[in-house]
Structure formats: C-alpha cells, structure tokens
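Read through the structure below, which is laid out as structure tokens, and then see the notes.
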Amino acid sequence: MKIEAAVLRDPGGLYTIEHVDLADPGPGQILVRIAGTGFCHTDVLPRVPGYPAAPPIITGHEGAGVVEAVGPGVSGIAPGAHVVLSFDSCGRCDNCLGGHPAYCAHMFRLNLTGGRSPVSDEEGKPLAARWFGQSSFATHSLATARNVVEVDRDLPLELLGPLGCGIQTGAATVLVALRARAGSSVVVFGAGGVGLSAVMAARVAGAATIIAVDLHDNRLDLARELGATATLPGADPDLVRQIHRLTGGGGAQYAVETTGSPKVIEKAVDALRPTGTVALLGVQSGPLVLPPTALAQGKNIMGVIEGDAVPQSFIPRLVELWRQERFPFDRLIRTYPLSAINDAERDSASGVTIKPVLLPGS
Ligand SMILES: NC(=O)c1ccc[n+]([C@@H]2O[C@H](COP(=O)([O-])OP(=O)(O)OC[C@H]3O[C@@H](n4cnc5c(N)ncnc54)[C@H](O)[C@@H]3O)[C@@H](O)[C@H]2O)c1
Ligand SMILES: [Zn+2]
Ligand SMILES: [Zn+2]
C-alpha cells in the first residue's frame with residue numbers, strides 16, 4: 001500500500017516526506033495506522049558515520065496507533081485494537097524466556113540495524129525500515145506480534161507512543177531494574193524525557209530524596225514539579241559534595257545517568273553511598289575511566305536497556321498510574337505534524353522540547 005513517511009537519505013541532511021510503498025503484513029506482522037510517534041535521541045543514530053543502520057532509512061520507534069490488519073499466524077489482536085509499539089525481541093532466547101526481553105540475544109539485529117525492508121521508495125528502491133520493529137515516522141507501520149501492547153480505547157492514543165521507549169526506560173529503570181525502595185535516595189543526571197520519567201517513577205516508588213541534575217533551569221523547574229525534592233545545576237563544581245549533603249552525608253542509594261558523558265558517570269559513581277548503584281542509560285560518548293578505588297565499598301555500575309521492562313506488563317502499569325495522576329508523562333510532550341519532523345529534531349536537540357511527538361495524520 002502507499003503510505004507517507006519521513007525518510008532520512010543523507011546522514012547530515014534533513015528528513016524528507018515521501019510517498020513510499022509498504023508491503024502487506026507477513027507472518028507474525030501487524031499493520032498499524034500511526035496516530036502519534038515520539039522522537040527519541042536513539043533515532044539519530046543512523047546519522048553517526050559507520051553506524052550499521054545507514055540512510056536511506058525510516059526511523060521512529062515510539063509509535064502508537066490503530067491496528068488495520070494482521071498477517072498469518074497472529075492471534076489475540078484484531079483490527080481496530082489500539083496499540084503502543086515498543087522494542088522488538090525474539091521471544092525464544094534465554095533472556096526473553098526469563099522475562100528480560102530488553103536483553104534479547106537478537107536485540108541489536110531486531111531493533112537497531114534497520115533489517116530487511118518491507119518498504120520501497122517511488123523508484124522501487126528499498127529503504128531500511130525495520131527500525132525497532134516499527135519504523136514509525138510514517139502514516140503506517142509494520143510491527144510484530146512481539147512488540148505491540150494493546151491499550152484501552154478511551155486513552156489519548158496519539159500521546160502514548162513514548163511509553164514504548166524513552167518514558168518506559170526512565171520509569172522502569174527505577175521501578176524494575178533498580179527496584180528503588182520507599183524512603184531511599186535517587187539522583188537523576190539529565191532531566192530530559194528519560195530522566196524526568198525516572199524522577200516521576202522515583203516519586204511513585206516513595207523515594208524520600210529525589211535529586212535532579214541538568215544544565216537547563218527550565219528542566220530543573222519541571223523536575224521539581226514532577227517530584228524532585230531538590231535540583232542541582234550540572235555545572236556546579238561542588239556537585240558531588242552537594243549530593244552527599246542532600247542525602248544526609250552518605251551519598252545516594254541509586255543514581256540514574258542519562259547524559260552519556262563519561263565525566264558525569266564518574267560523578268554519579270562518586271555521588272553514591274556504599275552499596276549504591278548507578279544505572280547507565282545514556283548513549284556513552286567515550287571510554288569510562290574511573291579512579292582505582294571508585295567502586296570499593298560495594299558500589300555497582302549497571303548498564304540498562306529499556307529499564308529491563310516487559311512492555312506488555314509495564315506499559316499498562318504506567319497507564320494506570322497516569323489515570324491516577326501519579327505519572328503525568330503528558331507534561332513532557334509537545335506535538336508536531338509529521339511534516340515538521342525537522343523542527344521537532346531541532347527543538348529536541350536544543351532542549352526547547354523535552355519529548356516531541358509527531359502526528360502523521362495531521
Ligand atoms: N538505555 C536505553 O534503553 C535508552 C532508551 C531511550 C533513550 N536512551 C538514551 O538516553 C539518553 C537520554 O535521552 P533523553 O531523551 O532523555 O535525552 P535529552 O537530551 O532530552 O536529555 C538529556 C539531558 O541531559 C542534560 N545534560 C547533558 N549534559 C549534562 C551534564 N554534563 N550535566 C547535567 N545534565 C546534562 C541535557 O541538558 C538534557 O536535558 C540519550 O542518550 C538516549 O539515546 C537510552
Ligand atoms: Zn530473545
Ligand atoms: Zn528510544
């Protein structure tokens with residue numbers, strides 16, 4: 001079928017809106033009409049020289065929409081269902097079977113390489129379009145039975161896509177991967193979409209001290225409204241000492257690192273109390289070098305993907321918390337028509353918008 005999609009043709013260029021051909025759903029596949037799709041920083045990876053998923057490509061991996069058709073062998077989901085699209089996984093490897101699909105043995109191939117494509121352009125040439133099992137910067141997307149999560153029809157569907165990646169990642173890191181305890185202390189480095197979701201989740205978990213660190217004052221203001229009990233400027237030379245002071249002298253039990261900066265990661269480790277854990281979420285921008293005794297006293301560093309969530313159980317939990325006004329993720333979102341995707345990318349990079357959501361239908 002003919003669909004409209006935002007295509008990245010040149011690593012350094014703008015997205016172009018094109019009319020392309022999408023194949024019919026094959027075995028195990030689900031055709032979804034996209035109502036809204038979030039812009040996540042991971043979507044810019046194909047701009048990095050040498051990255052395996054190269055332009056021309058359709059990215060987008062925070063889609064939500066309505067099922068239009070299902071391929072052979074799909075059961076339990078029917079046309080008309082409202083779904084959030086999340087990351088893909090194989091369902092058969094040890095980690096999938098053990099309830100950790102974000103650590104699927106085939107995670108990279110299924111989500112980050114673009115894969116064999118169901119999309120061809122106006123000249124009949126294939127475009128990479130299996131990004132996170134969806135490539136949802138488009139009016140329609142082919143997902144799989146493994147990466148759709150059905151949601152209630154009374155919800156604002158067009159806003160739900162980011163629950164499939166960035167928001168899930170920040171929240172599940174606190175609630176699932178770290179299992180932050182009530183009364184504990186959590187410090188979050190970077191108050192973007194991922195970090196602010198971690199802040200909201202820390203409040204849900206009942207953390208007593210929640211510290212957000214960022215370079216932008218407006219993001220720190222929002223962090224306080226969403227549950228941070230204190231905020232600190234990232235440029236403060238006394239940052240680590242301030243965190244120790246705010247956590248009663250011992251340091252934080254949990255740190256969530258979303259900036260990817262090795263220097264910030266080092267500070268996050270320093271800010272931990274003995275036995276504390278830092279979860280690394282940001283795409284790391286260089287090698288990490290730590291002083292010899294940095295991890296003494298039982299400190300832990302854990303790399304985390306998608307918060308170690310099982311989307312089919314975790315996303316409904318977030319939706320219920322949103323209904324109870326305990327997880328107001330919609331406050332992070334600003335919507336754009338799909339045709340304004342270049343503005344959305346610019347506003348996300350400059351910090352003007354925390355979580356852009358593109359509306360392909362508008
Ligand atoms: N691990 C995963 O599964 C996963 C999932 C989604 C996103 N990500 C990654 O997580 C990262 C964060 O995503 P996001 O959407 O929240 O991005 P974002 O750009 O909205 O947020 C990052 C924040 O870090 C702040 N920051 C940058 N340098 C800083 C410093 N030195 N000190 C303090 N704050 C600083 C920025 O001001 C910004 O607010 C990205 O690298 C993204 O690719 C990882
Ligand atoms: Zn697997
Ligand atoms: Zn993402």
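Not measured: the values here are computed from a predicted model. Each ligand, and each atom within it, is numbered from 1 in the order the structure gives. Each residue takes its place number in the sequence, starting with 1.
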For [X], atoms of ligand 1 separated by under 4.0 Å from a heavy atom:
X: Gly282; value: 10 (O), 11 (C), 41 (O)
X: Val264; value: 30 (C), 31 (N)
X: Cys165; value: 5 (C), 6 (C)
X: His216; value: 37 (O)
X: Gly193; value: 16 (O), 20 (O)

Can an N or O of [X] be found at a distance shorter than 3.5 Å from an N or O of ligand 1?
X: Glu306; result: yes
X: Leu280; result: no
X: Thr42; result: yes
X: Gly234; result: no
X: Ile354; result: no
X: Val304; result: yes
X: Lys355; result: no
X: Val283; result: yes

Starting from [atom], what is the nearest protein heavy atom, named by residue and atom, and what distance separates them?
atom: atom 11 (C) of ligand 1; result: Thr258 O, 3.3 Å
atom: atom 26 (N) of ligand 1; result: Thr259 CG2, 3.6 Å
atom: atom 21 (O) of ligand 1; result: Gly192 CA, 3.3 Å
atom: atom 13 (O) of ligand 1; result: Val194 CG2, 3.5 Å

Can you tell me if an N/O/S atom from Cys93 lies under 2.8 Å from the Zn ion (ligand 2)?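 Checking Cys93: at least one N, O or S atom is under 2.8 Å.
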Would you say the side-chain atoms of [X] and [Y] include a donor-acceptor pair closer than 3.5 Å?
X: Trp131; Y: Asn111; result: no
X: Ser120; Y: Asp21; result: no
X: Ser185; Y: Thr247; result: no
X: Glu62; Y: Ser136; result: no

With a 4.0 Å cut-off on N to O distance, would you call [X] and [Y] a salt bridge?
X: Asp347; Y: Lys355; answer: no
X: Arg9; Y: Glu18; answer: yes
X: Arg241; Y: Asp270; answer: no

Pair Phe137 and Phe39, ring centroids less than 6.0 Å apart: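 Yes - the distance between ring centres of Phe137 and Phe39 falls below the 6.0 Å cut-off.
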Report, as yes or no, whether the 6.0 Å neighbourhood of atom CZ on Arg181 holds more than 12 heavy atoms from other residues, nucleotides or ligands.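 It does not: Arg181 CZ has 12 such atoms or fewer within range.
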Given the ring of Tyr15, does Arg47 sit roughly above its face, with NZ or CZ under 6.0 Å from the centre of the six-membered ring and within 45° of the axis?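 The answer is yes, since Arg47 meets both limits relative to Tyr15.
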Going by the closest heavy atom to atom 38 (C) of ligand 1, which one wins out of Asp43, Val44, Asp214?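 Heavy atom nearest to atom 38 (C) of ligand 1 belongs to Asp214.
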If I consider every N, O or S atom in His61, which one ends up closest to the Zn ion (ligand 3)? I only need its name.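 In His61, the heteroatom (N, O or S) nearest the Zn ion (ligand 3) is NE2.
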